[in-house]
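Counting starts at 1 for both ligands and their atoms, in listed order.
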Amino acid sequence: MDTSRTQKRKWLVEFAAISLVPVLLLGVVLEQAMRGNARERGLAEATNEAALVSRLGVERQLAPEDLRTVLGPELQEALDGALRAASTADAVKGSTVRNADLMVVYSTDRKLVGRTGGPASQLRQALEGSIVSRISSGPRGKVLDVFVPMSFGAGGQPAGVNEVTVPYQPIAAAIAKDTRAIYPTLFIGLLLLYLTMLAVVTGASARLRKRAADKEQAALADALTGLANRTAFQNLVHRALLAARRRDTLVAVMLMDLDRFKEVNDTLGHHNGDLLLQRIAARLEGVLREGETVARLGGDEFAILLPDVPHRGAVAQVAKRFMKVLEEPVAVGGLALQVDASIGIALYPEHGHHVEALTRTADVAMYKAKESRSGFEFYTEEHNRNDAGRLALVGELRRAIDEGELVFYYQPKVDLQSGRIAGVEALARWEHPRRGLLPPDEFVPLAERSSLLRAMTVHLIDTALRQCSVWRAQGIEMNVAVNLSTQNLLDLQLPSDLDRLLSSWRLPPGSLEFEITESTIMGDTRRAMAILTKLSQIGVRLSVDDFGTGYSSLSYLKQLPVSALKIDKSFVMTMNEDDGNAMIVQSTIDLGHNLGLQVVAEGVESEKVYSQLAALGCDYGQGYFLSRPLPPDKMTRWLEVFAQPSVASPLAAGSPLEPEPVVTDDALKEWIIG
Ligand code: C2E
Ligand code: CA
Ligand code: CA
């Protein structure tokens, strides 16, 4: 704030100095013009006065005929007297009358009388009727010679010229006086101009600066909560570190992540998720003291800067205050939500000297706090060792996508009534060069948390379509289902990515299916709805995955462009021993059918469950009993045997109520190996 004020002052002084230059230039020009004006006026006045003296003092005493030759002595005396009378106190120094032939017929300087000639150009102009004057230097200083035509009241050519000489000094004095009189006016005028200019420009610039400041403010504030955003936070930490370095003090950086916020967002919708974030932001701000900052870095991640702390204990106190204000439930969407948070703390200088190092170590500590459910944790070296693996994995994910380390395993879905293969689900695996085969739980969440999700999804859809096309080339018409993450459904680019991929593989859109978890769809974002609608318009089939684990609203389900429900495996796996689960499975099948949807049961691990499902009228089954997810080559061989219409189905197609599964894990192993 202070620096901006000095900056502003400096800028104002600069502007004031620069704008003085044109004002001064204007002043010089105006002064010149006005001075010229005053001089002209002074000379004109003197000239007129001389002409008047000539007419009253000389011309009146004479007749045109008198000019023919030198005047007689009495007339000369009389003119001398008349001149003295006509001119006030010494205003006229002399007078010389010449006739049209330029002969001096009278002069106060008697030496001149009788001579012919004089200043030719002035005399000629005067004889043409104009009064002209010139300044000349005489023995007694500067004088003004005024040549007055003598017309004796008649028009036409003057009969002679009277050269009236007046002292220049009084004229100069009058001019100087006149000139002096213009300075105050000029000065005040210019000053007013200058001040007006300054006022107008500083006013305009203040408005511009305010607008710029507003813009800058917007760029530094989080739009949802009004807290500082990531950029602002980093700047503030940077500044705090500079100050701490000088003063040798401690700085604390805290990262806070809300536990299970994603669930709230998914089940109550993004609108309520946003409300929750806003309310929490307000509470966090209430805890702050002077100079401390809370920022929202994005999603449900907040950061706190304590720029000057006495010791570690004081930081722990602040962390406890934050935990305390979150203890009270937050009212959102008619519910009182219990929000838990995990805080990771990094200290300068102990855990890092720069913004990046402190945020990274605070992040590591936050994960530790989340894992141990301890509320808050200070960073330790040990955390770093544990966390290195996770961080390294994120770092490697990009390479994994580019180098094809992410692959699909495929698991078939079987038509429970006919025993035919209805399609396969593609399940992602990471063939990590050192860590071996990684399940999706270990890397999909990393992709979701980083910016790699789109790249990964595009790569995987491409992989699935390629496989589909390979199978088609071999005469195996097989639909592939790919799982999508919640965040995929916020990506407006997904439909166009999909379009591009489908046309590059020249596959009918119906050969692809997306599985979307129930909670994703229940999040009432318009965006997700719009994207789902586009996907289904493209012709891709959609199914609701993990059905039964969220809080679906049935009426909502009806509006969705989905064609199938997948009952979550947690109900299916144990339905043969848990009556409650069997009930759930049964009612879900009925519900799905009533909504006009096909029903898939996942987690079919035994023959018993398989038969039960078939008896309940479930459409499709998927699970280890039929086949584990298999790598592409093995899946291909499996399909070569079971997916051909001409070849026997994997299940003896007897009575739908008594299916005889022929494909068990062991059977398959035997089949593939043997
Ligand atoms: P999901 O969509 O519910 O996939 C089914 C999971 O159940 C798979 O685990 C599969 O291997 C497992 N499973 C199949 N049959 C049985 C069975 O009979 N018994 C038991 N106990 N489990 C069975 P997997 O492959 O580890 O995948 C886990 C989750 O990861 C998937 O759950 C899905 O939500 C997610 N996922 C997998 N691939 C992708 C992907 O490409 N993109 C995204 N975004 N998520 C994926
Ligand atoms: Ca799935
Ligand atoms: Ca599932």
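The residue among Phe625, Tyr624, Phe443 with a heavy atom at the shortest distance from atom 16 (C) of ligand 1 is Tyr624. Looking at Glu448, Glu602, Lys569, it is Lys569 that brings a heavy atom closest to atom 6 (C) of ligand 1. Taking only non-hydrogen atoms, the option from Val604, Ile516, Asp441, Val609 nearest to atom 29 (C) of ligand 1 is Asp441.
Looking at Asp546 and the Ca ion (ligand 3) together, the shortest N, O or S contact belongs to OD1.
Counting protein heavy atoms only, atom 25 (O) of ligand 1 is closest to Arg429 NH1, 2.9 Å. Considering only non-hydrogen protein atoms, atom 46 (C) of ligand 1 sits nearest to Asn483 CB, 3.7 Å. The closest protein non-hydrogen atom to atom 1 (P) of ligand 1 is Asp545 OD2, 4.0 Å. The nearest heavy-atom contact from the protein to atom 27 (O) of ligand 1 is Pro440 CG, 3.2 Å. Protein heavy atom in closest approach to atom 4 (O) of ligand 1: Leu427 CD2, 3.5 Å. If you check which protein heavy atom lies closest to atom 20 (C) of ligand 1, you get Glu605 OE2, 3.2 Å. Closest protein heavy atom to atom 44 (N) of ligand 1: Ser485 OG, 2.9 Å. Here the protein heavy atom with the shortest distance to atom 3 (O) of ligand 1 is Asp546 OD1, 3.3 Å.
Rounding to the nearest 0.5 Å places CG of Leu297 at 4.5 Å from CZ of Arg230.
When side chains are defined from C-beta on, Asp545 counts as touching Glu602, because their heavy atoms get closer than 4.5 Å. Side-chain contact between Leu591 and Val599 is absent, with no heavy-atom pair separated by less than 4.5 Å. Contact of the Leu532 side chain with the Leu489 side chain is registered, since non-hydrogen atoms from C-beta on lie closer than 4.5 Å.
Of all atoms in ligand 1, listed by their number and element, those nearer than 4.0 Å to a heavy atom of Leu484 are 44 (N). In the vicinity of Met573, heavy-atom distances shorter than 4.0 Å reach the ligand 1 atoms 19 (N), 20 (C), 21 (N). Heavy-atom proximity to Gly623, at under 4.0 Å, picks out these atoms of ligand 1: 15 (N), 18 (O). Close contacts of ligand 1 with Glu425, meaning ligand atoms under 4.0 Å from a residue heavy atom, involve 2 (O), 4 (O). Heavy-atom contacts of Pro629 reach the following atoms of ligand 1: 11 (O) (cutoff under 4.0 Å). Atoms of ligand 1 lying under 4.0 Å from at least one heavy atom of Leu460, given by number and element, are 41 (O). Using a 4.0 Å cut-off to heavy atoms of Gly603, the atoms of ligand 1 that qualify are 17 (C), 18 (O).
Of the polar atoms of Gln411, at least one N or O is found under 3.5 Å from an N or O of ligand 1, judged by distance alone. Note: an N/O pair closer than 3.5 Å links Ala428 and ligand 1 by distance alone.
Protein non-hydrogen atoms do not reach within 4.0 Å of atom 32 (O) of ligand 1. Taking a distance limit of 4.0 Å, we find that atom 9 (O) of ligand 1 is approached by no protein heavy atom.
Under a 4.0 Å N-O distance rule, the pair Glu396/Arg434 qualifies as a salt bridge. Salt-bridge check for Arg541 with Glu515: failed, with every basic side-chain N at 4.0 Å or more from each acidic carboxylate O. Comment: Arg637 does not engage Glu640 in a salt bridge, judged by the lack of any side-chain N to carboxylate O separation of less than 4.0 angstrom. Lys413 and Glu425 are not joined by a salt bridge, as no carboxylate oxygen comes within less than 4.0 angstrom of a charged side-chain nitrogen. Ion pair Arg420/Asp415 not flagged as a salt bridge, since none of the NZ, NE, NH1 or NH2 atoms sits closer than 4.0 Å to an Asp/Glu carboxylate oxygen.
Contacts with ligand 1 closer than 4.0 Å are made by no heavy atom of Gln622, backbone or side chain. Contacts of Val482 with ligand 1, taken as heavy-atom pairs under 4.0 Å, are absent altogether. Contacts of Phe408 with ligand 1, taken as heavy-atom pairs under 4.0 Å, involve the side chain alone.
The Ca ion (ligand 2) does not have Glu602 among its coordinating residues (no N/O/S atom, backbone or side chain, under 3.0 Å). At a cut-off of 3.0 Å, Thr517 is not counted among the residues with an N, O or S atom near the Ca ion (ligand 2).
With the Ca ion (ligand 2) as the vertex, atom OE2 of Glu425 and atom OD1 of Asn483 span an angle of 90° (nearest 10 degrees). Vertex the Ca ion (ligand 2); arms to Asp545 OD2 and Glu515 OE1; angle rounded to 10 degrees, 90°.
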Please assess His459 against Asp402 for the test side chain to side chain donor-acceptor pair (under 3.5 Å), listing each intermediate value before the final yes or no. CA-CA 9 Å; His459 167 77; Asp402 292 342; over 6 Å; no
Begin from the C-alpha positions of Val253 and Ile304 and carry the test side chain to side chain contact (heavy atoms under 4.5 Å, CB included) through to its verdict. CA-CA 6 Å; Val253 170; Ile304 296 130; over 6 Å; no
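For the residue pair Pro508 and Ser511, the shortest heavy atom distance occurs at O-OG, 2.5 Å.
Relative orientation of the Phe378 and Phe376 rings is perpendicular, given thresholds of 30° and 60° on the angle between their planes.
The number of heavy atoms from other shown groups lying within 6.0 Å of NZ (Lys534) does not exceed 12. The neighbour count for Arg506 CZ, taken as heavy atoms of other residues, nucleotides or ligands under 6.0 Å away, does not exceed 12.
Both cation-pi conditions hold for Arg628 and Tyr624: the charged atom is under 6.0 angstrom from the six-membered ring centre and inside a 45 degree cone around its axis.
The side-chain contact (heavy atoms from CB on, under 4.5 Å) test with Ile538 is passed by exactly one of Leu512, Thr533, Leu502: Leu502.
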